[in-house]
Every structure is written in C-alpha cells, then in structure tokens.
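Sequence positions, counted from 1, serve as the residue numbers for this chain.
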Amino acid sequence: MKRLANAIGFVPLFFWGRFGIPFGIPNPQKLVVVVGSPILLPKEGEGNVNKESVEYYHKLFCDELIALFDRHKDDMGYGDRRLVVV
C-alpha cells in the first residue's frame with residue numbers, strides 16, 4: 001500500500017460493506033417518523049418573553065409529544081410502553 005501511495009501521490013481509500021461502511025450496519029432497525037399538528041406561538045418581541053409563557057408552551061409541547069406517542073404506539077408495537085418526559 002505504501003508503494004502504491006508513493007507512486008500515485010495519495011493514499012487511496014477503499015470502501016466496502018453496506019453504504020461503504022466496513023462490516024455493514026450492525027443492527028438495521030426500522031425508523032418511523034410521525035408528525036403532529038403544529039403548536040402556534042404568539043409573536044413576542046425579543047426580550048419580551050416571560051418565564052410563565054415559556055413554561056406554558058414547554059408543557060404544551062410535552063403533552064402533545066406524549067399524546068402523539070400514545071396515538072401511534074399500538075401500531076408500532078409499543079402498546080405496553082409509556083412515554084415519560086423528564
């Protein structure tokens with residue numbers, strides 16, 4: 001390899017496996033993406049955001065995330081699981 005690199009002026013790279021990854025992808029898994037409805041936020045000026053509104057919309061986001069998980073968990077085989085946001 002060193003003689004080849006000296007002869008051509010660079011070290012060639014050889015890719016093998018699935019998608020060029022050596023030894024392939026270890027555990028290919030099904031990836032499912034679900035999208036919920038948007039959470040509309042009021043337009044507040046920069047610096048006018050208060051702690052209460054941040055906490056309100058954070059709680060709203062977490063509640064919607066849990067509801068989205070609950071709606072789709074049976075279809076994906078997670079019917080016995082519960083999503084906990086810490």
Side-chain angles (χ1 to χ4, degrees):
M1 179 67 87
K2 188 174 182 178
R3 286 182 21 195
L4 175 64
N6 287 338
I8 60 175
F10 65 94
V11 177
L13 299 174
F14 299 101
F15 297 100
W16 68 93
R18 190 174 188 184
F19 305 114
I21 299 172
F23 312 113
I25 297 174
N27 295 316
Q29 298 290 324
K30 179 178 164 185
L31 177 65
V32 177
V33 177
V34 294
V35 179
S37 58
I39 298 173
L40 301 175
L41 300 173
K43 294 189 184 236
E44 297 183 13
E46 189 174 322
N48 294 335
V49 179
N50 57 33
K51 186 176 180 179
E52 292 80 23
S53 68
V54 171
E55 289 176 0
Y56 171 76
Y57 286 108
H58 180 258
K59 181 177 181 343
L60 183 62
F61 172 77
C62 292
D63 292 343
E64 289 295 323
L65 184 65
I66 292 169
L68 188 63
F69 177 79
D70 289 338
R71 272 196 307 271
H72 297 282
K73 69 181 180 181
D74 291 324
D75 299 335
M76 299 301 123
Y78 294 103
D80 60 332
R81 306 258 175 109
R82 191 176 126 224
L83 180 65
V84 178
V85 179
V86 182

Say you draw a straight line from [atom1] of [X] to [atom2] of [Y]; how long is it, rounded to the nearest 0.5 Å?
X: L83; Y: C62; atom1: CG; atom2: SG; answer: 9.0 Å
X: R82; Y: F69; atom1: CZ; atom2: CZ; answer: 10.5 Å
X: N50; Y: Y56; atom1: CG; atom2: OH; answer: 13.0 Å
X: E64; Y: Y57; atom1: CD; atom2: OH; answer: 12.5 Å

For this session: Look at the side-chain heavy atoms of Ile, Leu, Val, Met, Phe, Trp and Tyr, link any pair under 4.5 Å apart, and say whether V54 and L65 land in one connected group.
Result: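 Different clusters.
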
Exercise. So if you build clusters from Ile, Leu, Val, Met, Phe, Trp, Tyr with side-chain heavy-atom gaps below 4.5 Å, do F61 and V49 land together?
Worked result: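 In one cluster with F61: V49, no.
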
Exercise. Closest approach of K73 and D70, non-hydrogen atoms and distance?
Worked result: NZ-OD1, 3.6 Å

Exercise. Can you name the side chain to side chain donor-acceptor pair (under 3.5 Å) partners of D80, sequence neighbours left out?
Worked result: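 So D80 forms no side chain to side chain donor-acceptor pair (under 3.5 Å) with any residue.
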
Exercise. For atom NE2 of H58, is the number of surrounding heavy atoms from other residues, nucleotides or ligands below 6.0 Å larger than 12?
Worked result: no

